[in-house]
Amino acid sequence: MYNFDEEINRKDTSCLKHDVMSAYFGDYKDLQPLWVADMDLRTPDFITQAMNEKIQHGIFGYTRPTKTLIDAVVKWMKDRHNYTIKEEYLTFVNGVVPAYSAAIEAFSNEGDEVIVQTPAYYPFFNHIKSNNRVLVANQLKETDGYYTMDLKDLESKITSKTKILVLCSPHNPVGRVWNKEELSALAKICIKHNIKIISDEIHADLVYEKFTSLASISSEIADITLTLNSAGKTFNIAGLNCGYAICHNKEMKKTFDEVVIKREVNAINLFGFVAHEAAYTKGHIWLEELKSYLQSNIDFTYDFLKSNNSKIEFVKPEATYLLWLNFNKLNNTHSQIKHRLLGDAKVALNDGTTFAKEAKGYFRINIALPQAQLKIALEKIVTNLH
Ligand SMILES: Cc1ncc(COP(=O)(O)O)c(C=O)c1O
């Protein structure tokens, strides 16, 4: 049994979540960080061991993905997601976001439109803008906190300039695991209108429901899809900057790879490879235990809010350790809630309006931390926001 209750000090360790808060939250002091999507939980021993062995070797020159790493990725996809991929579909990259940005360049031209289902992980917006493409928002539908796709709105927004649809599957921040029917209906529209799909599946391993990889549904769908993934979220190794793209369509892959090479997105840290191979060959048991722990934190948060008669609401996510909290029943403005979170409760959550401008009253909390620390955060939130 792994001990996820272990409390590890991350302060003063060049840690974005704990050490760079003033850049994001200004003058608010002594904040408990519950924002950046990494975990305050120890990376498993079999990963640090593999990295230690590499350190002992003592030479850290240029590197390439090995056959054993490639085999590990192929097997992981099959074992965990019943998704059959081949070596020739894979491109290793130095992160999902750099690969996403490269894909935007590869599959569209300046001035073309890219559809994003909102609310959405905000770097999706940044890289549409930085590539001089036009962002088209297709808002998800929300009913009692549960989100579904609005395909009617999606189709009405397609023009001759629409070249890419960005899918976040499972979805950050709303926590949905899109099912096969939803994905098939979405892909049908994209096939009809000749739109390529970038499917960001970085949260795929952290699912509490059955996950379906978009490209595994049919060869027609695989033919228009570039899938992006990484062990970064699952095994808490995001700082090692490694991930991979999967593309069945040879022509699409060639176009993507050209941009990857041009932008050096394939310049990857040696330890990223080492950690991925260890994760994907030895990680199944640890991952099951992690998911149980995360679910117990989700349940704990839900029960804590209920038993304290809190007006803060959320629907339990089907994946991830990110909860999309709705503060609107407090009848405060968005900025009042933000001030009470930062100034009174002293907790740093992600502002919902960075995921969608209309997401007023929403804040995202990261519950991937020891439960004792989560309890402290929830007590502060409930005491100061009622
Ligand atoms: C949906 C999604 N994609 C990508 C990333 C980051 O990926 P990477 O660190 O590999 O660039 C995150 C991190 O929060 C995420 O939530």
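Quick note: numbers below take in every heavy atom, side chains included, and nothing from hydrogens, waters or symmetry partners. The structure displayed is predicted, hence computed values, not measured ones. We count ligands from 1, going down the list as the structure has it; atoms in each ligand are counted the same way.
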When distances are taken from atom 6 (C) of ligand 1, the protein heavy atom at minimum range is Tyr121 OH, 3.3 Å
So the atoms of ligand 1 within less than 4.0 Å of a heavy atom of Cys168 turn out to be 1 (C)
Q) Side-chain donor-acceptor pair under 3.5 Å between Glu182 and Thr148, yes or no? A) no
ask   = Any nitrogen or oxygen of Cys242, main chain or side chain, under 3.5 Å from a nitrogen or oxygen of ligand 1?
value = no
Ligand 1 to Gly95, heavy atom cutoff 4.0 Å, flagged ligand atoms 10 (O), 11 (O)
So for Ile202 against ligand 1, with non-hydrogen atoms under 4.0 Å, the contacting part is side chain
If you compare His203, Lys233, Glu201 by their heavy atoms, the one closest to atom 14 (O) of ligand 1 turns out to be Lys233
May I ask whether Gly243 has any heavy atom positioned less than 4.0 angstrom from an atom of ligand 1? no
**Report entry** Side-chain donor-acceptor pair present, Arg80, His284, cut-off under 3.5 Å
**Finding:** yes
Problem set entry | Lys250 with Glu88: basic N within carboxylate O range, under 4.0 Å | no
Among Val96, Asn241, Thr320, the residue with a heavy atom nearest to atom 8 (P) of ligand 1 is Val96
Classify the ring geometry of Phe363 against Phe327: parallel below 30°, tilted from 30° to 60°, perpendicular beyond 60°. perpendicular
The protein heavy atom nearest to atom 9 (O) of ligand 1 is Ala238 CB, 4.6 Å
In ligand 1, the atoms that come under 4.0 Å of a heavy atom of Ala37 are 14 (O)
Atom 11 (O) of ligand 1 has as its nearest protein heavy atom Val97 N, 2.9 Å
*Is the closest basic N to carboxylate O distance between Asp19 and Arg10 below 4.0 Å?*
no
Establish, yes or no, whether the cationic atom of Lys129 lies under 6.0 Å from the six-membered ring centre of Phe125 and within 45° of the ring axis. no
* Indicate yes or no: does Glu379 engage Lys375 in a salt bridge with an N to O separation below 4.0 Å. => yes
Any ion pair linking Asp153 and Lys157 (charged N to carboxylate O, less than 4.0 Å)? yes
Nearest heavy atom to atom 2 (C) of ligand 1, choosing from Ile237, Asp200, Asn172, belongs to Asp200
